[in-house]
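Below is one structure, written out as structure tokens; the observations come after it.
Whatever order the structure lists ligands and atoms in, that order sets their numbers, starting from 1. Residue numbers run from 1 in the order of the sequence given. In this text the structure is predicted, and so the values were computed from the model without any measurement.
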Amino acid sequence: MRRFRWGLREQRLREALVEIGARLYARGLISANDGNFSVRLDARRILITPRGRSKGWLRPEDMVVLDMEGRVLQMGYGGAGPSSEWPMHIEAYRQRPDIAAVLHAHPPFTVALTVSGVPFPSEVLLEVVMTIGKVPTARLAVPSSEDDALAIREWIRDHQAVLLPHHGVVTIGRTLEEAWVILERIEYAAKVYLLSRVLGEARPLPPEFLAVLTSAG
Ligand SMILES: [Zn+2]
């Protein structure tokens with residue numbers, strides 16, 4: 001059995017990243033080797049998924065340790081480098097000292113909204129209104145670039161998720177679980193919205209009811 005040099009907390013976080021990848025892959029929210037996830041280890045370091053690998057069957061030792069400038073402090077097993085979309089993750093942590101997890105996935109119903117130019121339906125489902133609120137769409141940017149990080153900057157400060165047009169979604173949370181719940185909920189809302197449009201009209205919640213929900217939250 002291989003032995004690795006990190007503590008119990010870091011081991012748990014590595015295992016949690018593995019679990020998130022398995023869940024998202026099983027649910028079809030990432031395909032092929034898409035998607036990348038990270039978690040804050042401490043004020044100076046994050047753990048992030050490796051480049052170019054399917055996230056459906058990662059192992060704890062595959063994760064890469066980065067500092068807050070994106071420099072590799074520890075490679076993944078076998079010398080794996082970090083996800084090429086690391087600049088977006090670092091940007092989110094810089095803008096949001098309150099968060100400890102960033103997820104990026106390509107959920108098909110959500111991506112379809114952006115391909116069609118339809119804004120995210122934030123006023124259709126009760127649980128979206130109460131727990132997520134508005135989800136903005138960033139401008140088009142080249143994935144894995146510094147520009148991709150800049151494109152989310154203005155939005156991630158005030159929102160829990162940002163859609164990337166023709167590409168995917170980024171969600172953040174105080175924990176991995178929180179960011180995962182937001183991601184799944186966004187995809188569920190996009191799916192229900194599309195089905196409603198197929199059946200007829202996708203009716204938003206009545207304004208007076210929205211007011212009650214938002215004041216309750
Ligand atoms: Zn992507």
Which is the closest N/O/S atom of [X] when seen from the Zn ion (ligand 1)?
{"X": "His106", "result": "NE2"}
{"X": "His167", "result": "NE2"}
{"X": "Glu85", "result": "OE1"}

**Prompt:** Salt bridge between Arg23 and Glu184, side-chain N to carboxylate O under 4.0 Å?
**Reply:** no

**Prompt:** Are the ring centres of Trp180 and Phe37 closer than 6.0 Å?
**Reply:**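 They do not qualify: ring centres at least 6.0 Å apart.
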
**Asked** Atom CZ of Arg40 and atom CZ of Arg174: how far apart are they, to the nearest 0.5 Å?
**Response** 13.5 Å

**Asked** Quick one: do the Asn36 and His104 side chains pair a donor with an acceptor below 3.5 Å?
**Response**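 No donor-acceptor contact under 3.5 Å links the two side chains.
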
